[in-house]
A.B. asks: 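For reference, the structure I am asking about is given below.
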Amino acid sequence: MRVDGRGLIDRGRPVRFRFDGRDVTGYAGDTVASALVADGERLVGRSFKYHRPRGILTVGPEEPNALLEVLEPGGQVTPNTRATVQEVFDGLEVRSQNRWPSLRHDLMAVNDRFAAFLGAGFYYKTFMWPRRFWEGLYEPLIRRAAGLGRLSGKHDEAPYERAFAHADLLVIGAGPAGLMAALAAGRAGADVILAEADSRPGGRLLAEDEAVDGLPGPDWVAGVMAELRAMPNVRVMLRTTITGAYDGGQWGALERVGLHRAPAPDLPRECFWRITAPRAILAAGALERPVAFPDNDRPGVMLASAVRGYLHRFGAVAGRKVAVFGAHDDAHRTARDLVAAGVTVTAVIDPREDAPEGDGYRTRAGAVVIGTRGRLGLTGVRVREGSSEFWVEADVLAVAGGWNPSVHLTCHMGARPVWDADAVAFLPPGPDAPGAVPGLEAAASAWDGRAVVRVLAADPLEMKRTVAAALSVMRHGMALPRVWQI
Amino acid sequence: MRMSHSALALVRGALTGHTGWPRTWDSPLPRDRYKVIVVGAGGHGLATAYYLGRNHGITDVAVLEKGWLGGGNTGRNTTIIRSNYLQDASSAIYEKSRALYEGLSQELNYNVMFSPRGVMMLAQTEHEVRGYLRTARANYLQGVETRFITPEEVQKRVPIIRLDGPRYPVLGALWQPRAGTARHDAVAWGYARACSAMGMHILENCEVTGVRSDAGRVSGVETTRGAIGCERLAIVVAGHSGRLAQMAGFRLPVESVTLQALVSEPVKPCMDVVVMANTVHGYLSQSDKGEMVIGGGADGFNNFTQRGSWHHIEETVRALVETFPMLSRLKMLRQWGGVVDMTGDRSPILSPTPLGGCYINCGWGTGGFKAIPGSGWAMAEMVANEAPGPLAAPFGLERFREGRFIDESVAAGVAH
Ligand SMILES: Cc1cc2nc3c(=O)[nH]c(=O)nc-3n(C[C@H](O)[C@H](O)[C@H](O)COP(=O)(O)OP(=O)(O)OC[C@H]3O[C@@H](n4cnc5c(N)ncnc54)[C@H](O)[C@@H]3O)c2cc1C
C-alpha cells in the first residue's frame, strides 16, 4: 500500500517489472522490496531447511529472507539477489527460489513438519546405515534439498571491470556521520573517497522523519552532497560496498555499475576496486536487531527500522493493521510515524512496566509477544500481559530489538569486537587491540550516542570534532552540527 | 555416558525435545600427569590419540589445545581427500588414509560425510599432461586407482567447465574416482567423541608454553592451565610446529605461511566432482550445503596471521571464473586463512626428535586433511612403540640432512 505524499520515489516515472511471472508496477527510486511492499506482496521466499514461508524483514543489504533470482533475456541467472538492494527498472524479471512447484505451494515444506527430527546437526548422527546408502541415496537427497538459488549452467559472457583508486582518507558510509567526516576532510584539502553501498547517500536520514538544522533530513543531505560534489578532491562512490580491509592500507570495494539497469553488451555489471588509503573512517551505522519469540519469522514480521524506512523513503506500508513490539523507544517512534501517516496501529507491546503512553495508539506496558498466526502472511499476534493472554490483530508486526553497530570491517585483521554492557552491543575493538586494522577509526551513527567509540585523531583534518559532532547530532534529535564553521 | 547415534536415538531425541543428548566430548580438569600428551587438537592430534587407544590400548592420554578443538587448519581447509601422489612412500600413507576414510563414519559412529565423488586434476599445459601420465602410471604400480581422462570426459563430468579457456585450454585430467571430500569439523568432532569415550582428556584453552625435560628425555609441559607431566609427548600443531620445536630445543626445516580459502553462498547442485586447476591455480568443489568451496594459493612470505593477502584472493577468483565462467554470478560469503607448515620437499615429517620421548608430526602443509586417519595411525604406532613403523619410517627428520627427499612438489603443485 502506498501512502500519499511520502517517500523519495519519483511518482511521475512508473517502472514495470515481473515477480514470479506477475507484472508489478513500482516507481523510479524503488527497490524490488519496496515495490513489493507497496504492492501488498508479503510472501517472497522460503527458508533454507524447513521451507518456512518468509517475507521481507529489512530495508537494507542485511536482508536474510527476500533473496531472489534475477533472470536475464539470454537465460543467465543471478541467484540470491537481495530484493532490498536490487533497484527496479523496466523489464526486470525476478523469481523466488528454493520452492517447488511454487512459492505458495512448496512441497518441501514437509520438512517443517519433521523439524523435531531434523534439528541442528542431526545428519552427524544418522545416514550411516547401510553404509553404501550414504553415497547412493542420502547424500544426493541432502544435496538436492540444500542450496538456495540456482545458477544458469551457462557461461557468463557479461563484462566486468576492475579498477584502482587512491585517497588520503576513505570514508565508509554516507549517513550523517560519513557525510560530516567527508565534508570536514574535503574542506581541509584532503583527497577523500566517500563510499556508500546504497544508491542514495543519507543513510538512516532517508528512512526517518528527522529534521536537521530545520531542514528535512533528505534536503540536508542534498545540501551537503552538493558541496561535496563541487569539491575536486572528493570522490563520491555510490552503490559501492567496501568488502574488506587488507594489509598496507588496501580496501576491497565492489561497485554495482550496471545492476540497476537493463543489461547492455558494453555495460559492466560490476567493478571491483582496489582502494588504497592510509586512513579510513568507518561510518557504516548500525543494524537493528530482531526479537526472539516463537514464529517470529512469519511473512509480515519486520524490523521496526524497516517499517519506518519503507514509509519514509518509499511511501509504502506493508499492511493496514500494524502492531509494534520492542522494549526500545524506537518502537514508539515507529507507532507515532505510522499514526501520522494514517496507518492503524493496533498495539505497541512494550515489556517495560513504565512504557510511555501512546498518542493515537494503545501501549501494552509490561507485555510481551509470545506467538503469531498466519502461515503465508501474519494475521495476528499472541500477547501475554500479566496473567492474561490474548490475540492482537495485525498483518504487520514491527519488532525493535535495539541496534548493533556495523563493526565488521574493524575485525577483518583478527581483532575482536568488545561487549559493552551499557550500550548492550558489541563495539569496535580499540586501535591498539591485537589485530586492529591500522588507520581505521570507527564512528557509528544513528543507533545511539554512545557509539562515539573513537574518532579520528588526525588533527590537521579536525576529524575528531567533526565525527563527534555528527554523532551527537543523532543523539540529540538532529540539531545542526555546524562543525564546518569552526 | 556415551549414547550411540542411531535413527532410533534421533527419534527418541525428537520426542524428548533433544534434551537427553550427552556432550559430544567431556571437558575435565587436567590431571597432574599422563602417559602420553598430544599437543594440538586438530584432526592429526585427535586421530593420534584415537589410534593410541584403539590400536595400542593406551588411553592415559591428554590432548592439549590452545584454542578450540578443530579451530586450526582442520576447521579451515577445503576438505579434498585423494591419494594420487607420485612417490611410493606418499601413496602408501595417503592411500591408507583414504581407505580409512571409507569406513570412518561407521568406525566412529559419527557421520563424517566422506563423499568419494571423484577428484579431477586438470592438465592445462603439455608439461602437466606428461606429469599426470607419469603419476597415473606410478599410481597403477602402487595399486592406487587413477587414470588420465580426455577433455571430452572432463566436460561430461563437469558440464560447467570451459575447456578452451582464455589462457589455458583443458588438455585432459588426472582422475581419481574414489577420491572426494568429507565434512571437516565432523572429522575432528567424531575423533574427539571417540577419544573422550575411551576416557582420554581433551583440554581446550590449554596452550603449551614450555617443554620440560630430564636428562635428555621429555618429562612434561608447561601450559596456561599449569604444568602437566608426561612420559611421552606428541607434537601435532601444524603451522606452530616451529614454535613447539623451539620449546623442545630443536629446529625444524619448516616454514609457516598463510593459505587462503573462500566459500560462496549456497546454490542448488551444479558440480558433482572436485576439480583442481594447478596451472591457473585454484580448486573448487560444492559442499553438501550448496556452497562453492574455493581454495587458492599460499602467501609468498612467512607469517602467522591466519588471514592472508588480497592478491591471492583476486588471483584465485580470476582463475576460477576463467575456468567456470558461470561462477561470476555468485557472491562470496566468507574468506579466511590458515597457517600451513611447508617443508622443502612438500612431504610431511613423522619423526622422533632430538629430545627423547618426544615425537613430531607436521609438514602436511597445504594438504594434510586427507591424511588425518593415516597420519594418526602411523603417529600412534610410533609413539606406542617408541619407534616409527613402516608408514612413518620414510618421513623421518634425517631425510633433510641426508638429502633423501620425498619430492612431491608436482603432486602437491597446487595448494590443497
Ligand atoms: C585454506 C586451507 C585449505 C586446505 N585445503 C586442504 C584440502 O583441500 N585437502 C587437504 O588434505 N588438506 C588441506 N589443507 C591442509 C590441512 O588443513 C592441514 O594439513 C591439516 O588440517 C592439518 O591438521 P593438523 O591437525 O595437523 O593441524 P591443525 O588442525 O592446525 O591443528 C593444530 C592445532 O594445534 C593447536 N596448537 C598450536 N600451538 C599450540 C600450543 N602451543 N599449545 C596447544 N595447542 C596448540 C592449534 O590451535 C590447532 O588447533 C588446507 C589448509 C588450509 C589452511
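Please read all numbers here as calculations on a predicted model, not as lab measurements. To find a chain, count down the sequence lines: A is the first, B the second, and so on, and within it residues start at 1.
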A.B. asks: Contact part of A:Asn80 toward chain B, heavy-atom cut-off under 4.5 Å: side chain, backbone, both or neither?
C.D. replies: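 Both parts, backbone and side chain.
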A.B. asks: As an exercise: rank A:Gly252, A:Gly119, A:Ala115, A:Gly435 by heavy-atom pairs under 4.5 Å with chain B and give me the winner.
C.D. replies: A:Gly252
A.B. asks: Answer yes when A:Glu135 and B:Arg178 have at least one side-chain N-carboxylate O distance shorter than 4.0 Å, and no when they do not.
C.D. replies: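 A salt bridge links A:Glu135 with B:Arg178.
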A.B. asks: For A:Tyr160, does the OH atom sit with more than 12 other heavy atoms under 6.0 Å from it, leaving out its own atoms?
C.D. replies: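 Counting neighbours around OH of A:Tyr160, more than 12 heavy atoms of other residues, nucleotides or ligands fall under 6.0 Å, so yes.
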A.B. asks: Quiz question: by atom type and distance under 3.5 Å, do the side chains of A:Tyr123 and B:Arg183 form a donor-acceptor pair?
C.D. replies: no
A.B. asks: What part of B:Gln335 gets closer than 4.5 Å to chain A, counting heavy atoms only: side chain, backbone, both or neither?
C.D. replies: side chain
A.B. asks: Look up atom NE2 in B:His5 and atom CZ in A:Phe122, then write down how far apart they are to the nearest 0.5 Å.
C.D. replies: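 One gets 13.0 Å once the value is rounded to the nearest 0.5 Å.
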A.B. asks: Between B:Arg329 and A:Lys154, is any pair of side-chain heavy atoms under 4.5 Å apart?
C.D. replies: no
A.B. asks: Less than 4.5 Å apart, side chain to side chain, heavy atoms only: is that true for A:Phe48 and B:Pro266?
C.D. replies: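 Contact flag for A:Phe48/B:Pro266 side chains = yes.
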A.B. asks: Please classify the contact between B:Ser328 and chain A as side chain, backbone, both or neither, with a heavy-atom cut-off of under 4.5 Å.
C.D. replies: both
A.B. asks: If you count heavy atoms of other groups shown closer than 6.0 angstrom to CZ of A:Phe114, is the number above 12?
C.D. replies: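 Atom CZ in A:Phe114 is not crowded, with 12 or fewer foreign heavy atoms closer than 6.0 Å.
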A.B. asks: Determine whether A:Tyr138 and B:Asn111 make a side-chain contact, defined as any pair of heavy atoms from C-beta on separated by less than 4.5 Å.
C.D. replies: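 Counting from C-beta outward, A:Tyr138 and B:Asn111 never come under 4.5 Å.
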A.B. asks: Answer with side chain, backbone, both or neither: which region of B:Glu102 has an atom nearer than 4.5 Å to a non-hydrogen atom of chain A?
C.D. replies: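 For B:Glu102, backbone and side chain are both near chain A.
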A.B. asks: Go through the atoms of B:Phe114 and report whether side chain, backbone, both or neither lie under 4.5 Å from a heavy atom of chain A.
C.D. replies: backbone
A.B. asks: Which bit of B:Met113 comes within less than 4.5 Å of chain A, counting heavy atoms only: side chain, backbone, both or neither?
C.D. replies: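 Both parts, heavy atoms under 4.5 Å.
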A.B. asks: Taking all non-hydrogen atoms of both residues into account, name the closest pair between B:Asn109 and A:Trp129 and its distance.
C.D. replies: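 That would be ND2-CZ2, 4.0 Å.
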A.B. asks: With a 4.5 angstrom heavy-atom cut-off, which part of A:Val70 approaches chain B: side chain, backbone, both or neither?
C.D. replies: neither
A.B. asks: Using non-hydrogen atoms and a 4.5 Å limit, figure out which bit of A:Glu69 sits close to chain B: side chain, backbone, both or neither.
C.D. replies: neither
A.B. asks: Name, in order of residue number, those residues of residues 139-151 of chain A that have a heavy atom at a distance of less than 4.5 Å from a heavy atom in chain B; otherwise write 'none'.
C.D. replies: A:Glu139, A:Ile142, A:Arg143, A:Arg144, A:Ala145, A:Ala146, A:Gly147, A:Leu148, A:Gly149, A:Arg150, A:Leu151
A.B. asks: As a test of understanding, state which of A:Phe272, A:Trp273, A:Trp251 forms a ring-ring contact (aromatic ring centres under 6.0 Å, His included) with B:Trp310.
C.D. replies: A:Phe272
A.B. asks: Quick one: closest heavy-atom pair of A:His155 and B:Ile160, and the distance?
C.D. replies: CE1-O, 3.5 Å
A.B. asks: For atom CZ of B:Arg157, decide whether the heavy atoms of other residues, nucleotides or ligands shown that lie under 6.0 angstrom number more than 12.
C.D. replies: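 Yes, the 6.0 Å shell around CZ holds more than 12 heavy atoms from other groups.
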A.B. asks: Does any heavy atom of chain A fall under 4.5 Å from the side chain of B:Arg307, the backbone, both, or neither of them?
C.D. replies: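 B:Arg307 touches chain A through side-chain heavy atoms alone.
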A.B. asks: With a 4.5 angstrom heavy-atom cut-off, could you sort out which part of B:Ile313 is near chain A: side chain, backbone, both or neither?
C.D. replies: side chain
A.B. asks: So which residue, A:Arg162, A:His412, A:Lys49, A:Glu157, ends up with the most heavy-atom pairs under 4.5 Å with chain B?
C.D. replies: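 Of the options given, most contacts go to A:Arg162.
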A.B. asks: Are A:Ser152 and B:Met326 close enough that some pair of their side-chain heavy atoms sits under 4.5 Å apart?
C.D. replies: yes
A.B. asks: Minimum heavy-atom separation for A:Trp134 and B:Asp288, please, with both atom names.
C.D. replies: CZ2-OD2, 3.8 Å
A.B. asks: Based on non-hydrogen pairs under 4.5 Å, which of B:Pro325, B:Ser6, B:Gly290 is most in contact with chain A?
C.D. replies: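 When all of B:Pro325, B:Ser6, B:Gly290 are compared, B:Pro325 has the most.
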A.B. asks: Do you know which of B:Gly13, B:Ala7, B:Ser115 has the most heavy-atom pairs with chain A at a distance under 4.5 angstrom?
C.D. replies: B:Ser115
A.B. asks: Heavy-atom distances under 4.5 Å only: say whether B:Arg12 touches chain A with side chain, backbone, both or neither.
C.D. replies: neither
